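A short worksheet on the structure shown next.
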Amino acid sequence: MNQTKKFRLIAFFCLALATAFPTVKAGNKADADTLRLLYWNIQNGMWADQPDNYDNFVEWVKGYDPDVCVWCEAQTIYKDGTTEACEIKDRYLTDNWGEVAARYGHSYWTKSGHRDNYPQVITSKYPIEKILDIVGEEPDSVVTHGACRACIEVGGKRINIVTLHTWPQAYAYRAEDREASKAKREGDNYRRMEMEYICGHTILAEPDASNQYWMMMGDFNSRSPKDNWYYKYPENDTRLMTQDYILRHTPYVDVIAERYPGQFFTTTYGKSRIDFVYCTRPLYDTIINAYVVNDRYTIDPRADDKTYFHFPSDHLPILVDFRLK
């Protein structure tokens, strides 16, 4: 069996399971006043579903009927079923996100600033105002995968959206000796720098932001002190420093940790929560539902034995419902 047929059979099997055993949490939102956010790192532009024209992905999104989506790794990078890079001219995403989004009911989309192959994309039922692309500054404040600040207006309420995807490696960006840099955990320090830069150019640059509606989400590639009862790292462990900065120096609330104290939810195929949705307290107080999505499509991501990419992604989504009355 060739790889393309194999991938299609796996995708079909996942979709069949989702249909046969639907999750209770999928489907219609609570009421018309509910704003549903769906965030996910979709791994190399939803690489797993490229051979099927994203049909399984689109049907899955439609099942949750989100109002706003934020996708990390939103660009096509590789040819179907391979680790062979696509020519830029052959990359369906990001340029055609409007077509994909329209298939699940979203008329608006925008892309974050980025320096490499890993932008974030926001799609929405509401018009999106792009306020700022964030790529950092040379030579030592580079935001590697970029970030952005955007805004939507829902029922007369202005909601600020910050998307990001921090540096993923254990060594620092542009480290000359990667092994030495890794040993010093310079990658953690680099992520902390990126986070300070992003927050400094978004929520911390806005007067009275703590009393406004802000949300920030993405793949942070770092762990939270809120979960350290589970990890049991030393309190000064550098793996905690990026999230520690957010918790100590910004008005953001960690949505999942706040709603489920004492419970741990991985957002990867392993045992690490590195994807987060943060909100300011006024927006957090409108939340009626929030969870890491473990349904028949997303649960237990499986690695392909040749590429080591996962089906459907190596991350799990996060869904949050806000009642904006």
Side-chain angles (χ1 to χ4, degrees), residues 1-23 25-27 36 38-66 68-107 109 111 117-125 219 267-269 275 292-319:
M1 180 184 297
N2 63 40
Q3 286 295 102
T4 298
K5 288 184 177 178
K6 176 182 176 183
F7 298 155
R8 286 176 176 169
L9 282 173
I10 292 172
F12 176 80
F13 180 70
C14 290
L15 185 61
L17 281 175
T19 303
F21 302 97
T23 173
K25 294 174 179 176
R36 173 163 287 182
L38 183 59
Y39 157 79
W40 197 8
N41 179 329
I42 57 173
Q43 184 195 239
N44 302 324
M46 190 41 69
W47 171 89
D49 210 26
Q50 284 176 203
D52 292 297
N53 192 34
Y54 310 99
D55 289 350
N56 302 296
F57 171 67
V58 166
E59 288 303 309
W60 176 82
V61 177
K62 287 169 64 177
Y64 284 96
D65 188 25
V68 180
C69 295
V70 174
W71 312 119
C72 274
E73 298 195 18
Q75 180 166 254
T76 304
I77 302 176
Y78 303 106
K79 295 180 180 179
D80 292 357
T82 76
T83 55
E84 183 180 351
C86 281
E87 297 287 340
I88 291 177
K89 64 181 177 61
D90 296 326
R91 295 183 178 187
Y92 180 71
L93 302 176
T94 57
D95 288 350
N96 295 299
W97 260 106
E99 293 181 1
V100 176
R103 291 167 60 190
Y104 56 75
H106 286 194
S107 300
W109 75 282
K111 177 178 69 173
N117 290 325
Y118 299 99
Q120 307 96 59
V121 158
I122 305 171
T123 73
S124 174
K125 293 180 180 178
D219 178 355
T267 63
T268 69
Y269 63 89
D275 300 85
V292 176
V293 180
N294 276 288
D295 63 18
R296 296 292 183 174
Y297 183 58
T298 66
I299 198 168
D300 193 21
R302 302 280 183 179
D304 174 57
D305 57 8
K306 290 186 177 179
T307 65
Y308 298 105
F309 297 148
H310 285 72
F311 299 95
S313 172
D314 53 348
H315 291 250
L316 294 170
I318 300 173
L319 184 148

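If you're wondering where the values come from, they're calculated on a predicted model, not measured in any experiment.
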* Asked: Can you find a pair of side-chain heavy atoms, one from Asp275 and one from Ile318, that are under 4.5 Å apart?
  ->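 In contact.
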If you take all heavy atoms of [X] and [Y], which pair is closest and at what distance?
| X | Y | result |
| --- | --- | --- |
| Gln43 | Glu73 | CA-OE1, 3.2 Å |
| Thr94 | Trp109 | O-CH2, 3.2 Å |
| Pro119 | Lys111 | CB-CG, 3.9 Å |
| His315 | Asn41 | NE2-ND2, 3.5 Å |
| Pro312 | Ala48 | O-CB, 3.6 Å |
| Gly45 | Leu93 | O-CD1, 3.8 Å |

* Could you give me the CA-CA distance, side-chain angles and deciding distance for Tyr39 and Asp219, then say whether side-chain contact (heavy atoms from CB on, under 4.5 Å) is met? => CA-CA 10 Å; Tyr39 157 79; Asp219 178 355; 3.7 Å; yes
For [Y], does its backbone N or O pair with a side-chain atom of [X] as donor and acceptor, under 3.5 Å?
| X | Y | value |
| --- | --- | --- |
| His106 | Ala101 | no |
| Asp295 | Thr298 | yes |
| Arg36 | Tyr64 | yes |
| Trp97 | Ala74 | yes |
| Asp49 | Asp55 | yes |

* Asked: Only one of Tyr269, Phe309, Tyr308 clears side chain to side chain contact (heavy atoms under 4.5 Å, CB included) with Asp314; which?
  ->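 Passing option: Tyr269.
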* If you measure from the Lys or Arg side-chain nitrogens to the Asp or Glu carboxylate oxygens, is any gap between Lys79 and Asp90 under 4.0 Å? ->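 A salt bridge is absent here (no side-chain N lies under 4.0 Å from a carboxylate O).
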* Residues in side chain to side chain contact (heavy atoms under 4.5 Å, CB included) contact with Asn96, at least two apart in sequence or another chain ->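 For Asn96 the side chain to side chain contact (heavy atoms under 4.5 Å, CB included) partners, ignoring immediate neighbours, are Tyr92, Glu99.
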* **Partners meeting side chain to side chain contact (heavy atoms under 4.5 Å, CB included) with Arg302 (sequence neighbours left out)** =>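 Counting only residues at least two positions away or on another chain, Arg302 forms a side chain to side chain contact (heavy atoms under 4.5 Å, CB included) with Asp300.
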* **Parallel, tilted or perpendicular: ring planes of Phe57 versus Trp60, cut at 30 and 60 degrees** =>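 Taking Trp60 first and then Phe57, their aromatic rings lie parallel (interplane angle under 30°).
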* Is the Tyr78-Trp47 ring centre distance short of 6.0 angstrom? ->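 Centroid separation for Tyr78 and Trp47: 6.0 Å or greater.
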